[in-house]
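Numbering of residues begins at 1 and proceeds along the displayed sequence.
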Amino acid sequence: MSESAETPPGVAGATGATGATGAAGGGRDAEAVSKFVESFAAQLVEAGMQRMPSRVFAALLSSDEGALTSAELGERLRISPAAVSGAVRYLAQTHMVAREREPGSRRERYRVRGDQWYEALTSREALIKRWEGALREGVTSLGPETPAGRRMAETLAFFEFVEGEIAEMMERWRVHRERTFGTP
């Protein structure tokens, strides 16, 4: 498939997938889409994410609308409603998906946001701050001149460095994203 002038650099084919069941939208091969979902999910698992949230996230990411109901996720992934519920709960807590009500319905849809990676990474700031506080206490408790205290101080310095770098990197990403994809 060739890229159009409107497709951002590095994004081959701007259409998503309908999943393993049903016809693939935009002339896509449903089996190939299913293989992508499982392959990408396996990569997320290798990086430390739980298996079911990885599969649900990959399915949402590959859907044209970026949003699916629990029933649609269950059908596409051939998983139970309880598995969908647990996966979505995890993904919502990590800011990788958002819940929304279908207009005129009591059903919820789960949406992967365009800025999910940004949100997931920046939401870690509070966690890093808590770690920094605990490490400061550790340096004080152990004594900064002891081997353990120095190790704690180095770990603290690492997290302080990472925190600053992430903030600067995310600002550069916002500028790059706007130039590449326009204002969200």
Side-chain angles (χ1 to χ4, degrees), residues 1-17 33 35-68 73 86-100 109-142 144 148-184:
M1 180 182 310
S2 66
E3 292 185 28
S4 72
E6 297 165 7
T7 302
V11 179
T15 57
V33 171
K35 284 181 181 178
F36 161 77
V37 167
E38 296 304 327
S39 173
F40 187 61
Q43 295 297 316
L44 293 172
V45 168
E46 274 191 42
M49 187 185 282
Q50 298 168 9
R51 183 173 182 269
M52 207 51 66
S54 295
R55 293 182 71 215
V56 168
F57 181 74
L60 287 167
L61 193 62
S62 67
S63 70
D64 279 333
E65 289 185 21
L68 297 167
L73 284 164
V88 168
R89 186 178 322 109
Y90 172 86
L91 292 168
Q93 288 171 346
T94 57
H95 305 281
M96 294 184 76
V97 300
R99 296 172 192 254
E100 57 187 38
R109 292 175 63 83
Y110 307 107
R111 178 171 300 283
V112 65
R113 300 173 346 191
D115 64 348
Q116 76 274 356
W117 297 112
Y118 177 87
E119 287 296 321
L121 192 55
T122 56
S123 71
R124 299 296 189 255
E125 283 184 72
L127 179 61
I128 290 173
K129 287 279 190 202
R130 286 197 311 265
W131 289 349
E132 288 173 359
L135 288 164
R136 276 188 197 89
E137 285 181 29
V139 170
T140 301
S141 299
L142 296 165
R150 282 193 298 276
R151 215 174 16 258
M152 290 286 168
E154 185 176 340
T155 302
L156 172 59
F158 171 78
F159 282 115
E160 289 170 338
F161 175 82
V162 166
E163 182 182 17
E165 291 297 308
I166 287 173
E168 291 175 19
M169 180 182 64
M170 297 316 275
E171 180 55 34
R172 288 192 310 272
W173 165 247
R174 276 194 293 270
V175 170
H176 176 75
R177 180 180 185 211
E178 191 171 308
R179 265 196 322 259
T180 306
F181 298 98
T183 304

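Minimum heavy-atom separation, Ala58 to Ala41: CB-N, 4.2 Å. Of all the heavy atoms in Leu44 and Ser54, the pair that sits closest is CB-OG, 3.4 Å. When all heavy atoms of Ala59 and Leu68 are compared, the pair lying nearest together is O-CD1, 4.1 Å. Heavy atoms only, all atoms of each residue included: Tyr110 and Leu73 are closest at CD1-CD1, 3.9 Å.
Remark: the backbone N or O of Leu91 is paired with a side-chain donor or acceptor of Thr94 at under 3.5 angstrom.
Within the structure, the salt bridge (charged side-chain N to carboxylate O under 4.0 Å, His left out) test picks out the following pairs touching residues 150-161 (sequence neighbours left out): Arg136-Glu160. Residue pairs that meet the salt bridge (charged side-chain N to carboxylate O under 4.0 Å, His left out) test with at least one member in residues 48-60, sequence neighbours left out, are Glu38-Arg55.
If you take CG on Leu156 and CZ on Phe161, they are separated by 14.0 Å, rounding to the nearest 0.5 Å.
Val88 is listed as a side-chain neighbour of Arg99, based on a closest heavy-atom distance under 4.5 Å. Between Val45 and Met49, every side-chain heavy-atom pair lies at or beyond the 4.5 Å cut-off.
With sequence neighbours excluded, the residues satisfying side-chain contact (heavy atoms from CB on, under 4.5 Å) with Thr155 are Leu135, Phe159. The side-chain contact (heavy atoms from CB on, under 4.5 Å) test applied to Leu142 returns Thr146, Ala148, Met152, not counting sequence neighbours. Checked against salt bridge (charged side-chain N to carboxylate O under 4.0 Å, His left out), Arg89 has no partners two or more places apart in sequence or in another chain. With sequence neighbours excluded, the residues that form a side chain to side chain donor-acceptor pair (under 3.5 Å) with Glu163 are Lys129. Residues passing the side-chain contact (heavy atoms from CB on, under 4.5 Å) test with Phe36, sequence neighbours excluded: Phe40, Ser62. Every side chain to side chain donor-acceptor pair (under 3.5 Å) that Glu171 has, sequence neighbours left out, goes to Arg174. Residues passing the ring pair (Phe, Tyr, Trp, His ring centres under 6.0 Å) test with Phe57 are Trp117, sequence neighbours excluded. Not a single side chain to side chain donor-acceptor pair (under 3.5 Å) links Gln43 to another residue, sequence neighbours left out. Residues forming a ring pair (Phe, Tyr, Trp, His ring centres under 6.0 Å) with Tyr90 (at least two apart in sequence, or on another chain): none. Every residue meeting the side chain to side chain donor-acceptor pair (under 3.5 Å) condition with Arg109, not counting sequence neighbours, appears here in chain and number order: Glu65, Glu102.
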Exercise. Determine, stepwise, if the pair Arg172 / Glu168 fulfils side chain to side chain contact (heavy atoms under 4.5 Å, CB included).
Key: CA-CA 6 Å; Arg172 288 192 310 272; Glu168 291 175 19; 3.8 Å; yes
Practice problem: Start with the C-alpha distance between Val37 and Leu61, add both sets of side-chain angles, then the distance that settles side chain to side chain contact (heavy atoms under 4.5 Å, CB included), and finish with yes or no. | Solution: CA-CA 9 Å; Val37 167; Leu61 193 62; over 6 Å; no
